[in-house]
Amino acid sequence: MTYEYEGKTEKEAIEKAAQELGLEKDQFDVEILESQKKSLFKTGYVKIRVHTVDNSGSSNVSSQSASSASKTESKAAVANPLPQDDFEQKLLAFVTETVQKMGYEVTVEIMFREDKKLGLKLTSDSSAILIGRKGKNLDALQLLANVYAGHLGREDIRVILDTENYRIRREESLVRLAYNTADKVRQTRNSILLEPMNPFERRLIHTTLNDIPDVETKSEGEGLYKQVRVFLKSMY
């Protein structure tokens with residue numbers, strides 16, 4: 001399900017969402033719809049959209065935070081890669097069978113375990129295909145894994161899928177894209193509309209450029225995959 005909240009800062013809007021929904025901050029995904037920095041003549045303003053997982057197991061789960069994946073990557077080396085309970089065993093079997101039905105061989109193991117988060121590592125000779133263009137295939141597999149986890153009665157768990165460290169590499173690429181786009185906007189004094197991105201990727205663009213005083217960002221379009229427009233404050 002989706003909800004929209006507003007605040008003077010991103011932190012304030014997220015805290016308002018968590019309080020009204022009765023959820024922890026890591027139990028929902030945040031998409032920044034509009035961000036306006038505080039200046040001499042206007043107050044700061046942030047509008048967000050919150051994506052949650054409903055009780056039936058249907059999901060609005062977007063690509064999970066790559067920073068969470070990178071933060072827990074060090075734990076992967078010491079985490080037991082084998083399933084430790086019936087839930088993990090069924091989940092690994094589901095992901096393995098799904099990929100095999102797509103026509104590809106894969107080995108699925110536990111990448112990390114955190115409170116309310118479970119990371120799965122996919123190892124395959126067809127990793128590029130499993131990732132897909134801009135990670136869309138991996139996002140789809142991750143969505144299915146989260147829906148299945150809900151059917152198993154574990155909608156409290158966020159399942160994160162990764163292969164070949166794609167999540168980390170994608171995050172680094174988007175940060176570079178954000179800064180390069182801001183430079184081009186300054187040079188040309190024209191706004192730039194980026195490619196369609198999932199909620200996490202858009203949020204990363206927004207937050208990366210949030211501290212640049214003369215540049216603004218906003219999301220445009222409908223559906224899960226929207227575009228971020230980067231522009232100078234003086235344009236609007």
Side-chain angles (χ1 to χ4, degrees), residues 7 9-14 25-26 28-38 44-51 61-76 111-112 114 117 119 121-122 127-128 130-140 142 158 160-221 223-233 235:
T9 64
E10 178 186 347
K11 181 180 178 182
E12 180 180 301
I14 292 175
K25 295 177 184 177
D26 62 355
F28 53 81
D29 293 310
V30 177
E31 170 190 355
I32 298 179
L33 299 177
E34 189 174 349
S35 178
Q36 176 179 288
K37 302 178 187 67
K38 182 178 180 181
Y45 169 79
V46 175
K47 183 177 182 181
I48 66 172
R49 176 173 293 152
V50 171
H51 297 261
V61 175
S62 64
S63 176
Q64 182 62 37
S65 169
S67 59
S68 297
S70 61
K71 181 175 63 177
T72 55
E73 182 67 19
S74 60
K75 297 184 181 181
M111 183 167 59
F112 63 82
E114 282 190 325
K117 288 186 184 128
K121 178 181 178 182
L122 281 60
S127 291
L130 297 183
I131 292 171
R133 186 175 183 276
K134 305 301 181 184
K136 288 189 176 181
N137 291 348
L138 192 61
D139 285 352
Q142 180 170 288
R158 289 288 185 85
I160 304 167
L161 266 58
D162 199 6
T163 181
E164 301 290 342
N165 290 325
Y166 171 77
R167 301 289 187 200
I168 301 171
R169 293 186 286 109
R170 176 63 171 164
E171 179 179 0
E172 293 171 346
S173 174
L174 288 172
V175 170
R176 289 194 299 270
L177 173 64
Y179 285 127
N180 290 337
T181 302
D183 288 339
K184 290 180 181 178
V185 167
R186 284 201 195 94
Q187 292 170 6
T188 63
R189 304 196 69 78
N190 292 321
S191 68
I192 295 178
L193 191 62
L194 300 179
E195 65 192 29
M197 300 178 186
N198 64 44
F200 164 71
E201 293 173 337
R202 294 197 302 276
R203 184 186 181 192
L204 184 59
I205 297 293
H206 289 304
T207 54
T208 297
L209 299 182
N210 195 49
D211 293 330
I212 298 181
D214 59 338
V215 172
E216 293 274 8
T217 60
K218 66 176 180 178
S219 293
E220 297 183 2
L224 190 62
Y225 285 85
K226 297 180 182 178
Q227 294 174 272
V228 175
R229 183 177 296 278
V230 183
F231 56 93
L232 292 177
K233 276 187 175 181
M235 291 181 180

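Index from 1, following the sequence. Being a predicted model, the structure only gives us computed values, none of them experimental.
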Arg167 vs Asp139, test: salt bridge (charged side-chain N to carboxylate O under 4.0 Å, His left out). Steps then yes/no.
CA-CA 10 Å; Arg167 301 289 187 200; Asp139 285 352; 2.8 Å; yes
Are Glu220 and Lys226 close enough, and set up right, to give a side chain to side chain contact (heavy atoms under 4.5 Å, CB included), and what steps lead you there?
CA-CA 6 Å; Glu220 297 183 2; Lys226 297 180 182 178; over 6 Å; no
Go through the steps for Leu161 and Leu122 under the test side chain to side chain contact (heavy atoms under 4.5 Å, CB included), then give the verdict.
CA-CA 7 Å; Leu161 266 58; Leu122 281 60; 3.8 Å; yes
Evaluate the salt bridge (charged side-chain N to carboxylate O under 4.0 Å, His left out) criterion for residues Arg169 and Glu164: first the C-alpha distance (whole Å), next the side-chain angles of each, then the deciding distance (0.1 Å), finally the verdict.
CA-CA 9 Å; Arg169 293 186 286 109; Glu164 301 290 342; 5.8 Å; no
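Atom CD1 in Ile205 sits 12.5 Å away from atom CG in Asn210 (nearest 0.5 Å). Separation of atoms CZ (Arg229) and OG (Ser191) is listed at 4.0 Å; rounding is to 0.5 Å.
Every residue was checked against the side chain to side chain donor-acceptor pair (under 3.5 Å) condition with Thr208, not counting sequence neighbours, and none meets it. In this view, Tyr166 satisfies the side chain to side chain donor-acceptor pair (under 3.5 Å) rule with no residue, not counting sequence neighbours. In this view, Lys134 and Glu195 satisfy the salt bridge (charged side-chain N to carboxylate O under 4.0 Å, His left out) rule, not counting sequence neighbours. Take Lys121 and apply the side-chain contact (heavy atoms from CB on, under 4.5 Å) test, not counting sequence neighbours, and it matches Glu109, Met111, Thr123. Legend: residues meeting side chain to side chain donor-acceptor pair (under 3.5 Å) with Ser127, ordered by chain and number and at least two apart, are Thr163.
Within the 4.5 Å cutoff, side-chain heavy atoms of Ser219 are placed close to those of His206. By the 4.5 Å heavy-atom criterion applied to side chains, Leu130 and Asn137 are not counted as neighbours. Looking at Val215 and Phe231, their side chains never come closer than 4.5 Å, going by heavy atoms from C-beta outward.
Side-chain contact of Gln142 with Arg158: a donor-acceptor pair under 3.5 Å is absent, judged by distance alone.
A donor-acceptor distance shorter than 3.5 angstrom exists from the side chain of Lys233 to the backbone of Pro213, with no hydrogens or angles considered. Between the side chain of Asn198 and the main chain of Glu201, a donor-acceptor pair closer than 3.5 Å is present.
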Please tabulate, one pair per line, all N/O donor-acceptor pairs under 3.5 Å involving side-chain atoms of residues 173-186, not counting sequence neighbours.
| residue | atom | partner | partner atom | Å |
| --- | --- | --- | --- | --- |
| Asn180 | ND2 | Arg176 | O | 3.3 |
| Thr181 | OG1 | Leu177 | O | 2.7 |
| Asp183 | OD1 | Arg186 | NH1 | 3.2 |
| Arg186 | NE | Asp214 | OD1 | 3.4 |
| Arg186 | NE | Asp214 | OD2 | 3.0 |
| Arg186 | NH2 | Asp214 | OD1 | 3.4 |

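Residues Gly7 and Ala13 approach most closely at N-CB, 3.9 Å, considering heavy atoms. Of all non-hydrogen atoms in Leu194 and Gln227, the two that sit nearest each other are O-NE2, 2.9 Å.
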